[in-house]
Amino acid sequence: EVQLVESGGGLVQAGGSLRLSCAASGFSFGDYAIGWFRQVPGKEREGVSCIRSSDGNTYYGDFVKGRFTISSDTAKNTVYLQMNSLKPEDTAKYYCATYGGPPFSIPTSRVLDYDHWGQGTQVTVSS
């Protein structure tokens with residue numbers, strides 16, 4: 001059974017940093033990309049970043065480029081999202097998910113292309 005468990009969220013002041021973790025199990029970790037998404041109540045879930053652990057290929061949404069860094073540790077089956085220079089508009093619930101395409105395929109940032117999701121972790125940035 002595929003399981004994804006996010007952690008690392010919390011309350012931080014604007015300009016601060018957080019590191020989110022996504023611990024994965026139940027599948028061959030290096031074969032599939034994992035993405036981070038975020039959602040604010042009343043708005044659609046949006047893609048933040050994703051990584052294909054097999055070669056380190058990454059994607060970032062324009063709104064986080066230069067501030068967030070995604071990485072993976074294949075020994076720990078964990079994907080991280082380092083978030084720096086946080087802004088109040090980064091406040092959201094953050095989710096990780098596995099890409100539903102074929103193994104080793106290039107991931108997209110579309111929510112519908114991801115098929116297993118964690119429960120999410122709340123990030124709140126105060127001004």
Side-chain angles (χ1 to χ4, degrees):
E1 179 188 3
V2 175
Q3 287 194 328
L4 300 169
V5 179
E6 302 96 335
S7 61
L11 173 65
V12 65
Q13 288 189 333
S17 299
L18 284 173
R19 188 177 81 155
L20 305 184
S21 300
C22 172
S25 62
F27 67 102
S28 186
F29 180 78
D31 290 357
Y32 297 92
I34 290 180
W36 281 100
F37 296 81
R38 67 187 187 184
Q39 188 169 25
V40 175
K43 294 189 176 181
E44 291 187 355
R45 193 168 294 188
E46 63 179 354
V48 176
S49 184
C50 63
I51 186 168
R52 187 170 63 177
S53 296
S54 58
D55 62 0
N57 183 278
T58 59
Y59 157 85
Y60 293 95
D62 288 340
F63 49 88
V64 300
K65 282 182 180 177
R67 300 189 298 125
F68 292 9
T69 304
I70 192 170
S71 61
S72 68
D73 185 335
T74 55
K76 296 182 178 180
N77 284 6
T78 300
V79 171
Y80 303 97
L81 186 68
Q82 177 67 44
M83 306 187 296
N84 298 328
S85 301
L86 283 162
K87 305 175 181 180
E89 51 264 44
D90 294 318
T91 295
K93 195 164 189 178
Y94 285 70
Y95 300 86
C96 64
T98 56
Y99 181 62
F104 307 109
S105 58
I106 297 174
T108 71
S109 61
R110 294 191 298 265
V111 172
L112 292 178
D113 292 338
Y114 288 75
D115 54 6
H116 294 96
W117 294 80
Q119 81 290 350
T121 185
Q122 178 67 37
V123 171
T124 303
V125 184
S126 63
S127 57

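For clarity, every value in this text was computed on a predicted model and none was experimentally measured. We're numbering straight along the sequence, starting at 1.
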Enquirer: Heavy atoms only: give me the nearest A23-T78 pair and the separation to one decimal.
Expert: CA-OG1, 3.9 Å

Enquirer: Taking all atoms of both residues into account, what is the closest heavy-atom pair of Y32 and P102, and its distance?
Expert: CE2-C, 4.1 Å

Enquirer: Find out whether E46 and F63 are in side-chain contact, i.e. whether some heavy atom of one side chain is under 4.5 Å from a heavy atom of the other.
Expert: yes

Enquirer: Verify the cluster assignment for V5 and V2: are they in a single hydrophobic cluster under the rule of side-chain heavy atoms below 4.5 Å apart?
Expert: no

Enquirer: Is a donor from one side chain sitting under 3.5 angstrom from an acceptor on the other, for S54 and D31?
Expert: no

Enquirer: Under a 4.5 Å cut-off applied to non-hydrogen side-chain atoms, are V111 and W117 in contact?
Expert: yes

Enquirer: When you compare the side chain of T121 with that of S7, does any pair of heavy atoms fall below 4.5 Å?
Expert: no

Enquirer: So do I70 and V79 actually touch side chain to side chain, heavy atoms under 4.5 Å?
Expert: yes

Enquirer: Where the side chain of S49 meets the backbone of Y59, is there a donor-acceptor pair that is under 3.5 Å apart?
Expert: yes

Enquirer: Can you confirm whether I34 sits close enough to F29 that some side-chain heavy atom of one is under 4.5 Å from a side-chain heavy atom of the other?
Expert: yes

Enquirer: With the side chain counted from C-beta on, respond yes when R38 and D90 share a heavy-atom pair under 4.5 Å apart, and no when they do not.
Expert: yes

Enquirer: Rounded to the nearest 0.5 Å, how far does OG1 of T124 lie from NZ of K93?
Expert: 11.0 Å

Enquirer: Can you give me the closest heavy-atom contact between R110 and T108, atom names plus distance?
Expert: N-OG1, 3.2 Å

Enquirer: Does E6 use its side chain to pair, donor to acceptor, with the backbone of C96 at less than 3.5 Å?
Expert: yes

Enquirer: Does the plane of the ring in F37 sit parallel, tilted or perpendicular to the ring in Y114? Use 30° and 60° as the thresholds.
Expert: perpendicular

Enquirer: Same cluster for I51 and F27 if Ile/Leu/Val/Met/Phe/Trp/Tyr side chains link at under 4.5 Å?
Expert: yes

Enquirer: When hydrophobic residues are tied together by side-chain contacts of less than 4.5 Å, even through go-betweens, does L81 share a cluster with V125?
Expert: yes

Enquirer: How long is the gap from CE on M83 to OH on Y94, to the nearest 0.5 Å?
Expert: 5.0 Å

Enquirer: Looking at every non-hydrogen atom in both residues, tell me the closest pair between N84 and S17 and how far apart they are.
Expert: OD1-OG, 2.9 Å

Enquirer: Under the side chain to side chain donor-acceptor pair (under 3.5 Å) rule, collect the residues that match up with Q39, sequence neighbours excluded.
Expert: R45

Enquirer: Any donor and acceptor pair, going by atom type alone, linking the side chain of R52 with main-chain N or O of F104 inside 3.5 Å?
Expert: yes

Enquirer: Are there over 12 heavy-atom neighbours, none belonging to L11, within less than 6.0 Å of that residue's CG?
Expert: yes

Enquirer: Out of curiosity, C22 SG to N77 CG, how far, rounded to the nearest 0.5 Å?
Expert: 10.0 Å

Enquirer: Can you tell me how far OG of S127 sits from CD of Q13, rounded to the nearest 0.5 angstrom?
Expert: 9.5 Å

Enquirer: Before giving the answer on ring-ring contact (aromatic ring centres under 6.0 Å, His included), spell out for W36 and F68 the whole-Å C-alpha distance, their side-chain angles and the decisive distance to 0.1 Å.
Expert: CA-CA 11 Å; W36 281 100; F68 292 9; 10.0 Å; no

Enquirer: Looking only at heavy atoms, which two atoms of S53 and T74 are closest? And how far apart?
Expert: CB-CG2, 4.2 Å

Enquirer: Same cluster or not: are Y60 and V123 linked, directly or through other Ile, Leu, Val, Met, Phe, Trp or Tyr residues, by side-chain heavy atoms under 4.5 angstrom apart?
Expert: yes

Enquirer: Once rounded to the nearest 0.5 Å, what's the spacing between atom SG of C50 and atom CG of D113?
Expert: 10.0 Å

Enquirer: Is L20 reachable from V64 through a run of I, L, V, M, F, W or Y residues, each pair having side-chain heavy atoms under 4.5 Å apart?
Expert: yes

